[in-house]
Amino acid sequence: MDSFDNLSASEKAEASELQKMIAIEQQKAQFQAQVHTFTDVCWDKCVDSPGSKLDYRTETCLQNCVERFIDTTLAITNRFTQMVQKGAH
């Protein structure tokens, strides 16, 4: 039985819109959590002693670290998607 069975059409539309908004907010929260994670990881890996500005080596290290973190996250996500799709068939 669907939990929306007793709702009017406008209430169903509002509930659907609310679900979409919640999903968007969850995606934003996941993105922010990932940014926080790679900031922590890359900062610890690349920054020896914070100064008034980043030197070339530190800046390059941070850039490479973030790019590898993103590449790895995308590879894992794609692999997981493939596994789910194969399981659905």
Inset, instruction - Using the test side-chain hydrogen bond (donor to acceptor under 3.5 Å, both in side chains), find all partners of D55 that sit at least two apart in sequence or belong to another chain. - result: T58

Legend entry - Exercise: identify the closest heavy-atom pair between C46 and R57: O-NH2, 3.4 Å

Inset, instruction - Please tell me if the side chains of C65 and W43 come closer than 4.5 Å, counting only heavy atoms from C-beta onward. - result: no

Inset, instruction - Please determine which of N64, L62, V47 meets the side chain to side chain contact (heavy atoms under 4.5 Å, CB included) test together with C42. - result: L62

Legend entry - Backbone N/O of V35 and side chain of T39: donor-acceptor pair under 3.5 Å: yes

Legend entry - Nearest-0.5 Å distance, CD of residue Q27 to CD of residue Q32: 12.5 Å

Inset, instruction - Examine distances only and state if a side-chain atom of Q34 and a backbone atom of F31 form a donor-acceptor pair shorter than 3.5 Å. - result: no

Give every donor-acceptor pair under 3.5 Å between a side-chain atom in residues 73-84 and any protein atom, sequence neighbours left out.
{"from": "T73", "atom 1": "OG1", "to": "F69", "atom 2": "O", "distance (Å)": "2.8"}
{"from": "T77", "atom 1": "OG1", "to": "T73", "atom 2": "O", "distance (Å)": "2.8"}
{"from": "N78", "atom 1": "ND2", "to": "L74", "atom 2": "O", "distance (Å)": "3.3"}
{"from": "T81", "atom 1": "OG1", "to": "T77", "atom 2": "O", "distance (Å)": "2.9"}

Legend entry - Gap separating the OG atom of S16 from the NZ atom of K20, nearest 0.5 angstrom: 4.5 Å

Legend entry - Over 12 foreign heavy atoms within 6.0 Å of CD, E67: yes

Legend entry - Point-to-point distance, once rounded to the nearest 0.5 Å, from CE of M21 to CD of Q19: 12.0 Å

